[in-house]
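What follows is a set of notes on a single structure, which appears directly below.
Order of the sequence lines fixes the chain letters, A, B, ..., with proteins taken first and strands second; residue numbering starts at 1 for each chain.
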Amino acid sequence: MRLAPTADEELFARTVRAVLERRCAPREVRAGFARGRWAELAEIGVTGLLVPEEHGGLGLGAGALVAVAEEAGRACAPEPVVEAAVAATLLARVDADGRAREWLRALAVGAAVPAVRLAGPGTAPVAHAAHANFVLVADGDTLYGRSAAEAYIHPAPGVDPGRGLAYVDMSMSPDGLLAVRQEQAVTRAARLGAIGAAADLLGAARAMLDLTVRHARQRHQFGRPIGSYQAVKHQLADVLSAVEFAHPVVLRAAYSHEHGRPSAGRDAAMAKVFASDAADLAARSCLQVHGAIGYTQECDLVLWLRRVWALSAAWGDAAHHRAAIAADLLGPAPAPPCP
Amino acid sequence: MLAQVTDLIFSVTEEAFRREIRDWLARHVPSEPLPSMDTPDGFEAHRRWERHLYDARWAVVSWPAEYGGRGASLVEWLIFEEEYWRSGAPGRVSQNGIFLFAPAVFAYGTEEQKRRVLPPMAAGEEIWVQGWSEPEAGSDLAALRSRAVRDGRRGGWRLTGQKTWSSRGTYGHRMFGLFRTDARAERHHGLTYLMVDLAADGVTVRPIRQLGGEPGFAEVFLDDVFVPDADVLGEPGEGWRVAMSTTGDERGLSLRGPGRFLAAADRLVELYRRVSAGEEAGTDTPNAFRDAVVDAWMRAESYRLYTFRTVTRLGDGQRVGAQSSLNKVFWSELDLNLHATAQRLLGPWAETGGPWLDGYLFSLAGPIYAGTNEIQRNVIAERLLGLPKEPKGSNGEKGEKGEGR
Ligand SMILES: Cc1cc2nc3c(=O)[nH]c(=O)nc-3n(C[C@H](O)[C@H](O)[C@H](O)COP(=O)(O)OP(=O)(O)OC[C@H]3O[C@@H](n4cnc5c(N)ncnc54)[C@H](O)[C@@H]3O)c2cc1C
């Protein structure tokens with residue numbers, strides 16, 4: 001029995017953190033997606049994390065994605081780290097297709113940026129499509145893919161400008177369209193996306209908490225640091241609790257996913273519920289503790305607030321996943337728990 | 001070097017351990033629930049059950065064999081708890097002894113004390129009660145006033161004062177507690193950890209009825225009660241350190257392992273199934289409660305996972321420390337949430353009583369005992385987040401409490 005990130009994952013996370021600390025300061029986050037940073041992330045293996053080794057990637061799994069996505073969330077990196085992992089698992093299934101192989105290789109070296117949407121209404125915009133080189137969209141159990149240059153892409157408004165939301169229409173002609181039926185793979189990939197997003201949300205929640213603790217120690221009112229007041233302390237204690245208790249849930253989901261446990265679907269759903277709820281709580285409490293300065297574009301808190309507002313609903317919001325858990329748990333044959 | 005991979009599998013030995021305890025419980029758990037341990041008959045019935053557990057070496061699995069245990073690992077301990085509560089076995093009347101006092105005895109007791117105190121405690125022969133709280137010392141434990149003066153002639157201490165809210169104090173045999181042995185020292189200085197025989201001359205016990213109606217705890221008046229030197233745990237004057245050394249590690253893991261909440265969560269799911277099948281007539285449509293049931297169940301699961309994470313940390317040689325405050329807030333709110341959800345599901349039947357109502361009333365105490373949740377949140381904010389302490393003077397430093405019930 002061992003529930004913890006592995007030494008390799010921790011080392012990898014530290015490497016990613018070092019790069020992002022250097023290349024993804026709040027000022028740079030404000031500037032949005034950066035191809036240079038994507039290339040630098042590629043150099044340390046982030047973009048090809050789940051790309052099979054024969055296509056130039058690291059061939060790692062969900063555990064590694066959790067470690068990396070947490071860092072992306074912590075730094076508020078605008079790059080589609082989770083989408084790259086999801087795209088890699090989908091494309092690896094169809095690597096007999098020339099385009100799939102090409103995209104996999106391009107992903108691994110950071111030459112291509114992916115955008116992916118596996119669920120939700122077909123008319124909804126796709127995150128990262130505004131700066132993507134190729135787009136993957138699932139419709140039911142069919143996966144469609146097209147290079148961005150051959151699709152109609154119109155930027156859409158979004159609460160988090162870093163996400164590069166855009167409407168995508170790839171139905172113009174069958175030429176150049178990847179279309180494969182693969183129901184299981186789409187379900188599995190959506191699970192991976194939920195787990196990655198959950199890790200990202202926890203990283204973002206921790207970053208907001210750090211920022212807010214710093215503020216609460218410095219800001220004085222009534223002659224005392226506001227962080228010495230219990231009404232402030234208890235709010236932040238609850239945020240820490242939510243994050244700390246969500247973390248093992250996310251680690252477990254990655255494990256169940258990688259090991260194909262019968263409860264993998266429920267475990268991933270639970271990870272997203274806990275992470276979305278924790279990050280939503282962090283966003284609200286951290287804004288409250290900042291006071292008016294938190295309600296401005298000048299304060300860096302806004303960067304994470306926007307990320308959480310968007311991401312807590314992406315890859316299935318908490319209500320969606322709760323319903324899925326209810327269907328399994330309260331249904332005729334709940335999956336046996338892991339462990 | 002060993003590859004430290006994530007591994008959510010119980011080993012062959014652990015699985016065998018699980019089967020062994022499961023089989024034993026299936027054969028021995030009383031088919032009818034015992035009467036409440038807070039009644040005279042129930043107290044004795046629960047002691048007999050502890051004896052039964054002890055004879056089969058299931059009473060204190062994590063203790064070394066020489067004191068009646070099996071030297072079980074932390075994971076085996078968690079497995080024991082899961083199986084124990086799943087089987088519907090009786091509550092542990094000896095719990096404040098075996099879970100809260102024993103760790104201090106192991107850490108600070110002499111060989112003689114360990115041999116004398118631990119086996120009868122584990123066998124349910126001697127039920128220990130915790131004597132920390134006093135009328136003027138609740139959350140602020142260091143404000144305690146009960147004092148002990150030196151009796152050099154007889155070689156011991158004479159105690160005077162009052163303890164209160166001592167769980168099982170009504171029928172229990174012995175009390176462990178903190179006493180002021182240095183009248184000039186203040187707050188957490190000059191305290192001594194003592195063992196008191198509740199049958200000794202000068203002890204008066206006044207039972208106190210709890211919300212549910214039974215005398216689950218008691219006030220203990222001490223009037224010149226003699227305690228021999230052999231019953232001092234650790235050094236005189238070191239009581240605070242002795243008491244605090246074990247609260248951190250023990251608060252979450254041993255007093256309230258995840259097993260009992262998992263069992264309650266499974267029963268809640270069953271209750272939901274019965275209610276939605278129309279077998280139990282609640283007023284509301286069951287669907288309104290679906291999310292509440294799922295949430296309560298998930299919290300129990302997450303407490304289990306968090307515990308495995310903690311066990312992994314301990315195995316890696318890390319210390320848990322103030323993180324146990326996160327544990328305490330989480331399990332107490334989880335327990336309350338589980339039972340409140342069951343009460344809502346039962347609708348008009350909720351008030352008619354039964355195990356869910358009993359459990360609900362008990363869960364209401366969780367945020368109060370073992371250090372109130374407000375105090376725990378202060379600890380979390382100050383020790384884990386590094387927020388500034390409250391200014392001294394207004395309420396001084398706070399003692400960190402770790403009582404169980
Ligand atoms: C069922 C049950 C069993 C118990 N069993 C035992 C036992 O066996 N042995 C034993 O010694 N004790 C026992 N206790 C007592 C328990 O330890 C105390 O109730 C607890 O420490 C709180 O003390 P108090 O009740 O005096 O409340 P108080 O300390 O008076 O607190 C009252 C309220 O004020 C809040 N408060 C106090 N100080 C602060 C602060 N600094 N900041 C914020 N809020 C604050 C508290 O959180 C609480 O909400 C038991 C209690 C219960 C309910």
Side-chain angles (χ1 to χ4, degrees), chain A residues 1-9 63 209-210 212-214 216-217 223-230 232-241 244-252 254-256 258-259 261 266-267 269-270 273-274 277 319 322-323 325-330 334 337-339, chain B residues 1 3-11 14 73-75 78-79 262 269 272-273 276 286-287 290-291 293-295 297-299 301-313 315-316 323 325-327 329-330 333 373-374 376-382 384-391:
Chain A
M1 181 64 53
R2 182 173 177 84
L3 182 53
T6 67
D8 285 350
E9 284 160 8
L209 186 56
D210 289 350
T212 309
V213 165
R214 227 174 302 145
R217 289 163 59 103
R224 286 164 56 178
I226 57 168
S228 68
Y229 294 108
Q230 287 190 9
V232 168
K233 281 184 179 164
H234 291 192
Q235 286 192 61
L236 299 183
D238 284 344
V239 172
L240 180 68
S241 172
E244 287 289 325
F245 277 88
H247 192 240
V249 174
V250 175
L251 294 180
R252 189 270 299 264
Y255 177 89
S256 296
E258 274 179 47
H259 292 78
R261 288 303 185 89
R266 189 179 68 206
D267 296 346
M270 190 167 146
V273 170
F274 271 66
D277 285 352
R322 251 190 202 94
I325 296 165
D328 175 81
L329 181 68
L330 308 174
C338 165
Chain B
M1 200 184 92
Q4 303 267 288
V5 295
T6 305
D7 146 36
L8 300 187
I9 297 175
F10 294 107
S11 71
E14 288 160 355
S73 68
L74 273 176
V75 172
L78 295 173
I79 291 174
L262 290 171
V269 168
Y272 177 86
R273 288 178 191 278
S276 52
N287 259 355
R290 192 196 66 178
D291 281 359
V293 171
V294 167
D295 267 325
W297 180 87
M298 284 196 297
R299 282 184 216 197
E301 263 240 309
S302 74
Y303 185 51
R304 182 174 189 245
L305 295 170
Y306 185 79
T307 304
F308 286 132
R309 180 82 189 86
T310 303
V311 167
T312 305
R313 280 204 180 100
D316 288 348
Q323 277 172 12
S325 293
L326 285 171
N327 247 353
V329 172
F330 197 85
E333 294 187 347
N373 285 10
E374 288 74 25
Q376 303 306 324
R377 285 186 164 91
N378 290 346
V379 172
I380 293 166
E382 292 172 9
L384 298 177
L385 291 176
L387 288 170
K389 289 213 184 271
E390 286 182 75

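- By the 4.5 Å heavy-atom criterion applied to side chains, A:R224 and B:P388 are not counted as neighbours.
- When side chains are defined from C-beta on, B:I9 counts as touching A:Y255, because their heavy atoms get closer than 4.5 Å.
- Tested against A:K233, the residues B:V379, B:L387, B:L385 include a single side-chain contact (heavy atoms from CB on, under 4.5 Å) partner, B:L387.
- Note that the NE2 atom of A:H234 and the CG atom of B:N378 stand 3.5 Å from one another [nearest 0.5 Å].
- With contacts defined as side-chain heavy-atom distances shorter than 4.5 Å, the pair A:P248/B:F308 does not qualify.
- Residues A:L251 and B:R309 meet the side-chain proximity criterion, which asks for heavy atoms closer than 4.5 Å.
- Heavy-atom minimum distance, B:S302 versus A:M270: N-CE, 3.9 Å.
- What you find for A:A4 and B:T6 is that their closest heavy atoms are O-OG1, 2.9 Å.
- B:E390 and A:Q230 are linked by a side-chain donor-acceptor pair at a separation below 3.5 angstrom, with hydrogens and angles left out of the test.
- Looking at B:M298 and A:R322, their side chains come closer than 4.5 Å, going by heavy atoms from C-beta outward.
- B:D316 is listed as a side-chain neighbour of A:R2, based on a closest heavy-atom distance under 4.5 Å.
- The distance from atom CG of A:L236 to atom CD1 of B:I380, rounded to the nearest 0.5 Å, is 11.0 Å.
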